[in-house]
J.: 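Sharing a structure, written as structure tokens. Questions coming.
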Number of protein chains: 2
Amino acid sequence: MTTEQSKSDISRARILDAAAKTFRQKGYAATTLIEIARAADMQAGSLYYHFGSKDELLEEVLDIGMRRVHEAVEESQEHLPPGSSHRDRIRAAVEAHLTTLLKLDDYTSANIRIFGQIPEDVRRRHIKLRNAYAELWRRILAKAQKSRALRSDIDLGLVRMLLMGALNWSVEWNQPGRTSIQTMADYMCLMLFSGIGIDEPARNSEDETVA
Amino acid sequence: MTTEQSKSDISRARILDAAAKTFRQKGYAATTLIEIARAADMQAGSLYYHFGSKDELLEEVLDIGMRRVHEAVEESQEHLPPGSSHRDRIRAAVEAHLTTLLKLDDYTSANIRIFGQIPEDVRRRHIKLRNAYAELWRRILAKAQKSRALRSDIDLGLVRMLLMGALNWSVEWNQPGRTSIQTMADYMCLMLFSGIGIDEPARNSEDETVA
DNA sequence: CATTTTTTCTAACACTAGTTCGATTTTAAA
DNA sequence: TTTAAAATCGAACTAGTGTTAGAAAAAATG
């Protein structure tokens, strides 16, 4: 009983890690307890000493993943240098979200990837954490809008959905080492704040190089 | 042999529809042939008269879904009013993508939702269509950039990923009748071209209403 | 109407999943 | 070292899966 509580807790953590990793890779239904057990250096039956069922294990993985992004983004807002602009705040939130999602956190990425495949009752119990996280973003964006950092004539709910989509989808294509999280956050914020368009010169009937 | 070829083709289509619908709802591994058969008013064993295996059925659903978005976006580019700006072109592509994805096309939405869960060899065979679709978008964006409708100093690959993410993620949250596809496309293009930021007044040290 | 082909059903098979539980090992306490 | 508790194993059970193949029904053909 030095660092953690006991061998039980260590095994528990090992199982959860293995589960998160496997769930993220293969999805929920396709992941077998045998695989999880193997990844945790155990026998499938032994898992039941720590968890009552596959769904219970799933639920804990999901909860942990969601709490981690939530905490990461929350901390990003608290640890900002004084006098930071609202753009800085949002940029920090974006970066925190992406970092948690893509950098060595199987829990969060598993959560994002498999949320659409989980059993009804697990979803019902987990949804509260999801809503709480959504509320955090709602606050961040609303505050920026109120302070005139974001246009006042827009529906922030829709913007938030599109934003989350752009960020979350990165778990599907991001390959570690290809594009840095900073760059991704830069581009995301560029699109959010300024866009990448150039005012087009009146009309263009010069070149019709279409298919 | 009037409209389609025979009863076989009708049943085939009915099975594919049922499969697309069920795959979209429950995911790949969690979907059983019994469910698909029931949704198609058949017995599970009868499916094998039309398809050699579950994976073969899956593959066809995926392919159809991808071809449909591809064709829809391609047509959107051909049916543009003459003299359309590049913003108009992109906007049309966005709308076509969203429409196919959200409006009564279980094939495309199934494709987007379950792509991350499919068996390796199915993916390997399907990936070509995915790449072809990506190439279509690459062309559209590159053309806009070359014509100075988009900033020339940006990585279009990354922009495309974020854009696709924002659009694709809508299958996870969109509820029919809540937000119109037009509105979604409007907001997406607004963010892409202009952003929703307002130039902040120098510095803000007035109110520190942070948590 | 008879007969052949096409399509579907039915029942079974092989296999794998999640789960259970008594035996066994490991760990901690006395 | 002895002993009790904690943790894991291992083998079995049940349920449900994808799949097969021969029987039955439906449709098409002569």
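No hydrogens, no waters, no symmetry mates; every other heavy atom, side chains included, goes into these values. Not measured: the values here are computed from a predicted model. Labels below follow one simple rule: chain letters A, B, ... track the order of the sequence lines, proteins then strands, and each chain is numbered from 1.
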J.: Want to settle it: does S46(A) or T31(A) sit nearer the 5' end of DNA chain C, counting the closest nucleotide to each?
T.: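 Mapping each residue to its closest nucleotide by heavy atoms, the 5'-most match is T31(A).
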
J.: Do R38(B) and E35(B) sit within salt-bridge range, that is, some charged N less than 4.0 Å from a carboxylate O?
T.: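 The answer is no: the pair does not qualify as a salt bridge.
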
J.: Using only heavy-atom distances, determine whether the side chains of T183(A) and D186(A) contain a donor-acceptor pair under 3.5 Å.
T.: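 Side chains of T183(A) and D186(A): no pair found under 3.5 Å.
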
J.: Within the pair T32(B) and dG18(D), is there a side-chain N or O less than 4.0 Å away from OP1 or OP2?
T.: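 Answer is yes, contact under 4.0 Å.
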
J.: Between dT17(D) atom P and Y28(B) atom OH, what is the distance in whole Å?
T.: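 Interatomic distance, OH of Y28(B) to P of dT17(D): 14 Å.
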
J.: Can you pull out the residues from residues 48-56 of chain A that lie within a 4.0 Å heavy-atom distance of DNA chain D?
T.: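 Only Y49(A), H50(A) qualify.
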
J.: Within this structure, what is the CZ-to-C1' distance between R38(B) and dC9(C), rounded to whole angstrom?
T.: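 Roughly 16 Å, once rounded to whole Å.
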
J.: Could you verify whether a donor N or O on one side chain and an acceptor N or O on the other, from R24(B) and N111(B), lie under 3.5 Å apart?
T.: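 Their side chains do not contain a donor-acceptor pair, so the 3.5 Å distance test is not met.
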
J.: Rounded to the nearest angstrom, tell me the gap between atom CD in E35(A) and atom C1' in dT16(C).
T.: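 It works out to 12 Å between those atoms.
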
J.: Between dA7(D) atom C1' and L47(A) atom CG, what is the distance in whole Å?
T.: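 Rounded to whole Å, this separation is 12 Å.
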
J.: Compare the minimum distances between each of dT19(C), dT8(D), dA17(C) and the side chain of M42(A), then state the nucleotide with the smallest one.
T.: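 For M42(A), the side-chain atoms sit closest to dT8(D).
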
J.: Distance only, no hydrogens: is a donor on one side chain within 3.5 Å (strictly under) of an acceptor on the other, for D88(A) and S85(A)?
T.: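 A pair is found: one side chain offers a donor N or O, the other an acceptor, under 3.5 Å apart.
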
J.: Do any side-chain nitrogens or oxygens of S11(B) fall under 4.0 Å of OP1 or OP2 in dT7(C)?
T.: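 It does not, given that no N or O in the side chain of S11(B) lies less than 4.0 Å from OP1 or OP2 of dT7(C).
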
J.: How are the rings of W137(A) and H97(A) set relative to one another: parallel (under 30°), tilted (30 to 60°) or perpendicular (over 60°)?
T.: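 Perpendicular.
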
J.: Once you round it to whole Å, what is the distance between C1' of dC9(C) and CD1 of I15(B)?
T.: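 That distance rounds to 13 Å.
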
J.: Without decimals, in angstroms, what is the distance between I10(A) CD1 and dT8(D) C1'?
T.: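 Atom-to-atom, I10(A) to dT8(D), this comes out as 15 Å.
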
J.: What contact category does Q43(A) fall into here, base, sugar-phosphate, or nothing, at under 4.0 angstrom with non-hydrogen atoms?
T.: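 Contact class for Q43(A): sugar-phosphate only.
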
J.: Round to a whole Å and report the spacing from CG of L33(B) to P of dG18(D).
T.: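 In whole Å, dG18(D) P and L33(B) CG are 4 Å from each other.
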
J.: Counting only heavy atoms not in K54(A) (residues, nucleotides, ligands), do more than 12 fall under 6.0 Å from its NZ?
T.: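 Check passes, neighbour count above 12.
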
J.: Could R113(B) and F23(B) be counted as a cation-pi pair, given that NZ or CZ must be under 6.0 Å from the ring centre and within 45° of the axis?
T.: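 So R113(B) doesn't make the cation-pi contact.
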
